[in-house]
Visitor: 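Before I ask anything, here is the structure I am working with.
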There are 2 protein chains.
Amino acid sequence: MEKTATRGRPREFDVEQALGAALRVFWDKGYESASLTDLTDAMGITRPSLYAAFGNKEALFKRALDLYESEKLNYIHCAVTAHTAKEVARRLLEGAIDTMTGECRGCMHVTVSVINDANSVREEVLARSNSCFDVITARMQRAADEGDFTQNTDVAGLTRYLVALVQGMAVQSGQGATRAELTQIMDTALAQWPSR
Amino acid sequence: MEKTATRGRPREFDVEQALGAALRVFWDKGYESASLTDLTDAMGITRPSLYAAFGNKEALFKRALDLYESEKLNYIHCAVTAHTAKEVARRLLEGAIDTMTGECRGCMHVTVSVINDANSVREEVLARSNSCFDVITARMQRAADEGDFTQNTDVAGLTRYLVALVQGMAVQSGQGATRAELTQIMDTALAQWPSR
DNA sequence: TCTTTTCCATATCGTCCGGTATATATGACG
DNA sequence: CGTCATATATACCGGACGATATGGAAAAGA
């Protein structure tokens, strides 16, 4: 999609690196609270360079969101390949902990969607958040069909429950919880999981 | 604390009612995203009236936070009076659902604390959030001392787990989850609870 | 009624916001 | 080298932000 224009003065900064820096800012502050000054400072570029490379703040955010999902939420698609529902849950919670104790705290979907602001970006994040939910629901439904649960289990409820745990860990992580404390949550949940 | 000055022209609006309106705005939008225009529109007063009655935006927020805790989070102090740990959990989750499906969605503590902004108000909210956590921890520790759990239970972990569920429900509620969907989460959690 | 006190309405302050116009620097191509 | 296309740097735009100065309206006390 990027034009490989050789004509003219070449760009002095690395677009992917700048995008990574922008992601970290949005991840921390959400959309509205991340100012252009925050962004350009973190990206090490000037305002006109940002607009030339990405269009505007909203387009930059969507690019950052794509990067977030492909690099930071890939653990979800990885987790659903596990062979049992409990192993799916374990990998989901572990993946969440790894992501949330890495370069930034919390979850970008949560951070952006929690504020009931009428900004255009929230709808996009909600849709993507629901998409993650659907992936897990489908996997849990398969587990139910395969007789993976010890008792009659409400699949939608169990999925919502699992996602709520991840979102709760995101909140606590953003509030300063350590990796050990997040692991306590995971261990407590897995000790109660309704299947082998 | 309010001066009962009979001298001069009396105030034309009801302070408590205006405070309730301000609470709903902060509850929806958090601190920074709630503009003075949002607030005065909802409160039905003008800017100078707001400043005369409450001092400034930050002071108004703290007053609203007090109101939120005394009117909306009282279910926590009510829940910990239950006789078993499981009943405590049930009342906590039920109270959370009731609060989050009332006049506003989500949890004000969550909304304000997820944004990693350096504003002065966040620290206050984090402290109060931790205070809620401590109340539940103390109750769960008592339950453990009274032999309330079926297996050896990590009290801090179980508390974090329970709080994570409430916070996750807050996130989903803010994302549009219905009361029935939140109840699914509660039912799933209680069906697995590690005690009678 | 007159003074005092406080409230309300309007208009405005300085600052930061997202976004851009203008001018200059730099490198590819002929 | 000269030309052209594009990047960068500076300074700026209109608008929204939190907060206030100012002036008139209204009610209590003398």
Side-chain angles (χ1 to χ4, degrees), chain A residues 1-19 21-22 25-26 28-65 112 115 117-122 124, chain B residues 1-19 21-22 25-26 28-65 112 115 117-122 124:
Chain A
M1 206 57 58
E2 295 275 328
K3 247 207 289 194
T4 56
T6 56
R7 298 278 282 270
R9 178 178 171 179
R11 190 171 276 131
E12 286 183 1
F13 63 93
D14 182 318
V15 172
E16 290 305 315
Q17 184 177 328
L19 187 58
V25 174
F26 284 128
D28 263 352
K29 305 200 171 189
Y31 182 69
E32 301 274 9
S33 296
S35 71
L36 279 184
T37 302
D38 293 334
L39 290 165
T40 52
D41 283 355
M43 299 165 84
I45 63 178
T46 61
R47 242 169 250 234
S49 296
L50 189 155
Y51 277 82
F54 300 100
N56 58 19
K57 185 184 176 183
E58 185 173 333
L60 172 62
F61 177 83
K62 289 184 179 173
R63 287 280 302 269
L65 195 55
V112 174
I115 302 260
D117 204 304
N119 76 62
S120 55
V121 156
R122 200 176 107 96
E124 177 80 20
Chain B
M1 206 56 60
E2 295 275 329
K3 249 208 286 196
T4 57
T6 57
R7 297 278 281 270
R9 178 177 172 181
R11 190 171 277 132
E12 285 184 1
F13 63 93
D14 183 318
V15 172
E16 291 304 316
Q17 183 177 328
L19 188 58
V25 175
F26 284 129
D28 263 352
K29 305 201 171 189
Y31 182 69
E32 301 273 9
S33 296
S35 72
L36 278 184
T37 302
D38 292 333
L39 291 165
T40 53
D41 284 355
M43 299 165 84
I45 63 177
T46 60
R47 242 167 249 235
S49 296
L50 189 153
Y51 278 82
F54 300 100
N56 58 20
K57 186 182 176 183
E58 184 173 333
L60 172 62
F61 176 83
K62 289 185 180 173
R63 287 280 302 271
L65 195 55
V112 175
I115 302 261
D117 203 306
N119 76 62
S120 55
V121 158
R122 200 174 107 95
E124 177 79 20

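Per chain, numbering begins at 1; letters A, B, ... match sequence-line order. The structure displayed is predicted, hence computed values, not measured ones.
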Visitor: Let's see if you get this right: which residues in residues 40-50 of chain B place a heavy atom under 4.0 Å from DNA chain D?
Guide: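 Residues of residues 40-50 of chain B that come under 4.0 Å of DNA chain D are, in numerical order, Arg47(B), Pro48(B).
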Visitor: Over how many whole Å does the gap from Asn119(B) atom CG to dC16(C) atom P extend?
Guide: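 Roughly 16 Å, once rounded to whole Å.
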Visitor: Would you mind reading off the distance between Asp117(A) atom CG and dG18(C) atom P, rounded to a whole angstrom?
Guide: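 Rounding to the nearest Å, CG of Asp117(A) and P of dG18(C) are 13 Å apart.
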Visitor: Could you work out which one of dA19(D), dG19(C), dT8(D) sits closest to the side chain of Lys57(A)?
Guide: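 Nucleotide nearest to Lys57(A)'s side chain: dG19(C).
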Visitor: Rounding to a whole Å, what distance do you find between Arg11(A):CZ and dT8(D):P?
Guide: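 Arg11(A) atom CZ is separated from dT8(D) atom P by 7 Å.
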Visitor: Using whole Å, report how far CD of Glu58(B) lies from P of dC17(D).
Guide: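 Going from Glu58(B) (CD) to dC17(D) (P), I get 19 Å.
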Visitor: Please report, rounded to the nearest Å, how far the P atom of dC17(C) is from the CG atom of Leu36(B).
Guide: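 Going from Leu36(B) (CG) to dC17(C) (P), I get 17 Å.
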Visitor: Applying side-chain contact (heavy atoms from CB on, under 4.5 Å), name anything that partners Asp117(A), two or more places apart in sequence or on another chain.
Guide: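 If we apply the side-chain contact (heavy atoms from CB on, under 4.5 Å) test to Asp117(A), skipping adjacent residues, the hits are Glu32(A), Ile115(A), Asn119(A), Ser33(B).
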Visitor: Can you list everything that forms a side chain to side chain donor-acceptor pair (under 3.5 Å) with Lys29(B)? Sequence neighbours excluded, please.
Guide: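 Scan of Lys29(B) (side chain to side chain donor-acceptor pair (under 3.5 Å), adjacent residues dropped) gives Asp38(B).
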Visitor: Within the structure, does a side-chain N or O atom of Thr37(A) lie under 4.0 Å from either OP1 or OP2 of dC16(C)?
Guide: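 It does not, given that no N or O in the side chain of Thr37(A) lies less than 4.0 Å from OP1 or OP2 of dC16(C).
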Visitor: Please tabulate, for the side chains in residues 50-60 of chain A, all donor-acceptor contacts under 3.5 angstrom to protein atoms that are two or more places apart in sequence or on a different chain.
Guide:
from	atom 1	to	atom 2	distance (Å)
Asn56(A)	OD1	Glu58(A)	N	3.3
Asn56(A)	OD1	Ala59(A)	N	2.9
Lys57(A)	NZ	Tyr31(A)	O	3.0
Lys57(A)	NZ	Ala34(A)	O	2.8
Glu58(A)	OE1	Ser120(A)	OG	3.0
Glu58(A)	OE2	Ser120(A)	OG	3.3

Visitor: Quick check: closest heavy atoms across Ala21(B) and Ala42(B), and the distance to 0.1 Å?
Guide: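 Looking at all heavy atoms of both residues, the shortest contact is CB-O, 3.4 Å.
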Visitor: Please give, in whole Å, the distance from dT15(C) C1' to Glu32(B) CD?
Guide: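 Glu32(B) atom CD is separated from dT15(C) atom C1' by 14 Å.
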Visitor: If I take atom OH in residue Tyr51(B) and atom C1' in nucleotide dA19(D), what distance separates them, rounded to the nearest angstrom?
Guide: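 Nearest whole value for this atom pair: 5 Å.
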Visitor: My understanding is that only residues two or more places apart in sequence, or in another chain, count here; which of them pass side-chain contact (heavy atoms from CB on, under 4.5 Å) with Asp41(A)?
Guide: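 If we apply the side-chain contact (heavy atoms from CB on, under 4.5 Å) test to Asp41(A), skipping adjacent residues, the hits are Thr37(A).
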Visitor: Suppose we screen for salt bridge (Lys or Arg N to Asp or Glu O under 4.0 Å). Which residues come up paired with Glu124(A), at least two apart in sequence or across chains?
Guide: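 Partners of Glu124(A) under the salt bridge (Lys or Arg N to Asp or Glu O under 4.0 Å) test: Arg128(A).
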Visitor: Only counting residues at least two apart or in another chain, list the ones meeting side-chain contact (heavy atoms from CB on, under 4.5 Å) with Glu16(B).
Guide: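 side-chain contact (heavy atoms from CB on, under 4.5 Å) list for Glu16(B), sorted by chain: Asp14(B), Leu19(B), Arg63(B).
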Visitor: Let's see if you can work this out: which of dG19(C), dC8(C), dC17(C) has an atom nearest to the side-chain heavy atoms of Ser35(A)?
Guide: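 Among dG19(C), dC8(C), dC17(C), the one nearest the side chain of Ser35(A) is dC17(C).
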Visitor: Suppose we screen for side-chain contact (heavy atoms from CB on, under 4.5 Å). Which residues come up paired with Glu12(A), at least two apart in sequence or across chains?
Guide: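 Here the qualifying residues are Arg9(A).
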Visitor: Over how many whole Å does the gap from Asp14(A) atom CG to dA7(D) atom C1' extend?
Guide: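 Answer to the nearest Å: 15 Å.
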Visitor: Do any N or O atoms of the protein come closer than 3.5 Å to N or O atoms of nucleotides 23-27 of chain C, and which pairs are they?
Guide:
from	atom 1	to	atom 2	distance (Å)
dA25(C)	N3	Arg9(A)	NH1	2.9
dT26(C)	O4'	Arg9(A)	NE	3.3

